[in-house]
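Working notes, beginning with the structure itself.
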Amino acid sequence: MEPINETDTEIQPAIAEPMRLTYWLTRFMILRLLGVIYAIAFLVAINQLLPLIGSNGLLPVGIYFKQVREALGSTSAGFIRLPSLFWFFQSDTALLTVAWTGFILSLIVTAGFANAPILTVLWLLDMSIVHAGQEWYGYGWEIQLLETGFLAIFLCPLIDMRPFPGRAPPLPIIVLFRWLIFRIMLGAGLIKLRGDKIWRNGTALYYHFETQPLPGPFSRWFNFLPRAVLKIGVWFNFLAELAAPLFVFWPRLARHIAASVIILFQLILIISGNLSFFNWLTILPALAGFDDGFWSKVLPQKLVRKAETAAANEQPSRPMFITAWAVTIVIGLLSIQPAFNILSPRQIMNGSFDPFELVNTYGAFGTVGQERLNVVFEGTSNDTTNNNAQWKPYLYKALPVMPDKRPPQIAPYQLHLDWQMWFAAMDTPDDYPWTLNLVWKLLHNDRGTLSLFANNPFPEKPPKYIRAVLYRYSFAAPGNPDGLWWIRERLGEWIPAMSVNDVLLKDYLQRNEWLP
């Protein structure tokens with residue numbers, strides 16, 4: 001008989017049992033997904049910051065910060081209200097440097113190497129972009145990424161960058177991630193109940209897939225599901241947003257089920273539309289509902305063994321423990337107003353109560369439109385703008401234009417122009433004055449602006465006139481003989497035809513400092 005290895009018999013149970021109570025693999029999964037999301041966000045910035053907020057962009061950041069400074073009285077007051085590195089460096093080079101730095105650091109985190117300083121830099125760089133981004137960055141997932149990124153800083157040791165460092169993830173921070181997913185989901189559910197009767201009567205999905213900002217390749221399939229199935233979808237929505245979050249603080253089994261329901265719901269949303277990286281970002285805090293006992297059953301055993309080894313060799317850190325509890329107290333105090341907001345009948349969604357966006361309010365699709373309106377920019381090289389003129393459309397990269405074009409898969413990437421034009425179609429150009437700056441740039445074949453579109457119908461020389469036309473779109477039935485994806489109806493001009501010689505257009509742009 002071989003001698004018994006006492007070390008093996010003692011260590012193996014000691015490692016296996018605490019796996020139910022530790023979060024080494026949970027931290028690994030959270031940070032890897034955060035790295036991917038950061039990388040996507042900074043890649044979007046690399047490609048779109050200059051045409052959106054650069055010195056020759058649609059809403060230049062220099063003009064914006066000047067207006068904020070004048071309104072608040074000083075640069076320091078502006079910085080306190082909107083913390084951003086771009087208060088000090090506003091050149092196009094500075095914009096790209098921040099975006100590229102963030103992208104490279106994001107790839108390092110994605111590869112498995114993260115510590116508190118790296119995640120702090122990523123958070124500061126992202127915050128600098130969000131606070132300079134104006135309405136292009138006015139979405140809930142932008143402040144959600146800031147809050148998520150801030151919490152992630154305190155999951156990591158100060159120096160050790162290894163995927164499984166010598167310090168255990170602090171339990172208070174794991175709980176704060178659960179508090180985050182609780183607020184995200186419950187806020188989204190309550191805003192629907194309070195915001196629109198078609199959510200309450202179960203008919204919201206009759207319209208949502210067709211009228212959502214950027215439909216995806218499978219949105220039409222979802223749209224034409226039987227009405228009974230669509231009603232079930234609404235009730236599942238409320239199960240995920242109103243019931244599941246109530247269990248994220250419960251004992252292990254209930255918590256695992258709640259997190260699984262939330263993640264399944266987000267995966268359905270990913271398949272059914274193009275909601276940027278919002279759904280992936282929402283999955284991230286839901287991962288905190290699982291412990292290492294769960295992950296050890298689904299992840300490769302090589303990773304599990306590394307986590308077991310790290311747990312067995314853990315070196316407790318009192319400073320890390322104290323910091324985690326200090327952050328928890330701060331977040332707890334900052335959560336008072338968001339908590340009251342969730343309970344308030346006047347609930348607001350996607351807002352913050354502090355300049356660093358540390359604790360925010362969330363919500364999505366509180367109301368659902370029942371018709372789809374799209375604004376299409378068109379140009380002509382003709383000398384006339386009457387019915388004899390030949391107008392050519394500027395195609396968006398994802399927003400519907402041509403009836404026979406299938407919606408593309410864009411998410412988790414975000415197309416800022418497409419998103420803003422979805423909102424703009426429901427209002428007037430007066431509510432989106434930068435659209436007139438866009439018209440001016442199209443009249444000059446501005447390369448940056450054209451990069452936001454899928455095509456340039458006037459590659460040889462700029463058009464003589466640009467206009468914007470409002471259309472109503474609806475899904476064409478699958479299998480129709482013309483192979484159409486959309487049926488559209490022209491409603492009228494949204495912006496009348498304008499040329500480079502339009503005095504009113506020039507005067508308007510000069511008043512807004514978009515022209516010298």
Side-chain angles (χ1 to χ4, degrees), residues 48 51-52 56-59 214 372-408 415-474 476 482-512 514-516:
Q48 299 179 45
L52 294 177
N56 191 40
L58 295 173
L59 287 171
L214 303 183
R372 179 176 196 89
L373 301 177
N374 283 348
V375 171
V376 178
F377 290 92
E378 299 175 345
T380 181
S381 295
N382 299 137
D383 293 326
T384 180
T385 60
N386 61 25
N387 294 334
N388 295 323
Q390 182 184 9
W391 293 94
K392 297 179 182 180
Y394 288 83
L395 305 182
Y396 299 105
K397 292 184 177 180
L399 203 64
V401 176
M402 305 306 293
D404 60 349
K405 185 179 179 182
R406 179 182 183 177
L415 299 170
H416 287 281
L417 177 65
D418 294 50
W419 270 85
Q420 283 305 111
M421 288 311 303
W422 177 77
F423 285 108
M426 295 179 278
D427 289 302
T428 69
D430 292 338
D431 300 300
Y432 293 84
W434 54 264
T435 54
L436 295 176
N437 195 17
L438 188 150
V439 166
W440 179 260
K441 292 182 182 299
L442 292 181
L443 286 167
H444 291 82
N445 265 0
D446 179 73
R447 282 185 61 187
T449 302
L450 288 169
S451 72
L452 301 173
F453 290 89
N455 76 320
N456 177 12
F458 304 94
E460 301 299 327
K461 61 180 181 178
K464 293 184 177 179
Y465 293 94
I466 291 287
R467 68 181 184 183
V469 180
L470 184 65
Y471 291 91
R472 180 186 293 116
Y473 281 71
S474 59
D482 297 320
L484 298 179
W485 281 86
W486 299 98
I487 297 170
R488 74 176 187 176
E489 174 190 0
R490 190 180 190 277
L491 300 181
E493 288 187 341
W494 195 73
I495 295 177
M498 294 182 170
S499 72
V500 293
N501 298 317
D502 193 309
V503 175
L504 293 178
L505 175 60
K506 286 183 178 179
D507 288 344
Y508 184 82
L509 297 178
Q510 287 171 343
R511 287 199 304 273
N512 284 277
W514 293 327
L515 278 184

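A donor-acceptor contact shorter than 3.5 Å is absent between the side chain of Asn512 and the backbone of Trp514. For the pair Lys397 (side chain) and Ser451 (backbone), a donor-acceptor distance under 3.5 Å is present. With Tyr508 contributing its side chain and Asn437 its backbone, the two residues share no donor-acceptor pair below 3.5 Å. In this structure a side-chain-to-backbone donor-acceptor pair under 3.5 Å is present from Thr380 to Gln390. Of the possible donor and acceptor atoms, one in the side chain of Lys441 sits under 3.5 Å from a partner among the backbone N and O of Asn56. Judged purely by atom type and a 3.5 angstrom limit, Glu378 has no side-chain atom pairing as donor or acceptor with the backbone of Val469.
Classification of the Trp434-Tyr432 ring pair by plane angle, with boundaries at 30° and 60°, yields perpendicular. Classification of the His444-Trp440 ring pair by plane angle, with boundaries at 30° and 60°, yields tilted.
The structure places NE2 of His416 at 10.0 Å from CG of Leu452, a figure rounded to the nearest 0.5 Å. The line from OG1 of Thr449 to CG of Leu417 is 9.0 Å long, rounded to the nearest 0.5 Å. Interatomic distance, Ile466 CD1 to Leu436 CG, rounded to the nearest 0.5 Å: 12.5 Å.
At least one side-chain heavy atom of Leu438 sits less than 4.5 Å from a side-chain heavy atom of Leu442. Looking only at side-chain heavy atoms (C-beta outward), Asn382 and Pro463 stay at 4.5 Å or farther from each other. Using a 4.5 Å cut-off on side-chain heavy atoms (C-beta onward), Leu214 and Leu399 make contact. At a threshold of 4.5 Å between non-hydrogen side-chain atoms, the residues Leu373 and Arg472 count as touching.
Under the ring-ring contact (aromatic ring centres under 6.0 Å, His included) criterion, Phe453 pairs with Tyr394, Tyr396, sequence neighbours left out. By the ring-ring contact (aromatic ring centres under 6.0 Å, His included) test, Phe377 pairs with no residue at all, sequence neighbours left out. Trp494 is linked by a ring-ring contact (aromatic ring centres under 6.0 Å, His included) to nothing, counting only residues two or more places apart in sequence or in another chain.
Of all heavy-atom pairs spanning Leu443 and Met498, the tightest one is CD2-O, 3.6 Å. Nearest approach of Trp485 to Lys405, heavy atoms of both residues: CB-O, 3.7 Å. In terms of heavy-atom proximity, Pro400 sits nearest to Arg372 at CD-NH2, 3.6 Å. Contact detail for Pro393 and Met402: the closest heavy-atom pair is CG-SD, 4.0 Å. The minimum heavy-atom distance between Ser381 and Lys464, with the atom names listed, is O-CD, 3.4 Å. Between Arg490 and Tyr471, the shortest heavy-atom contact is CA-CD2, 3.6 Å.
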As a quick check of understanding, evaluate side-chain contact (heavy atoms from CB on, under 4.5 Å) for Asn374 and Met421, giving each step before the final call. CA-CA 7 Å; Asn374 283 348; Met421 288 311 303; over 6 Å; no
Are Val375 and Thr435 close enough, and set up right, to give a side-chain contact (heavy atoms from CB on, under 4.5 Å), and what steps lead you there? CA-CA 11 Å; Val375 171; Thr435 54; over 6 Å; no
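With hydrogens and angles left out, the side-chain atoms of Thr428 and Asp431 include a donor and acceptor closer than 3.5 Å. A donor atom on one side chain and an acceptor atom on the other are found under 3.5 Å apart for Asn386 and Thr384.
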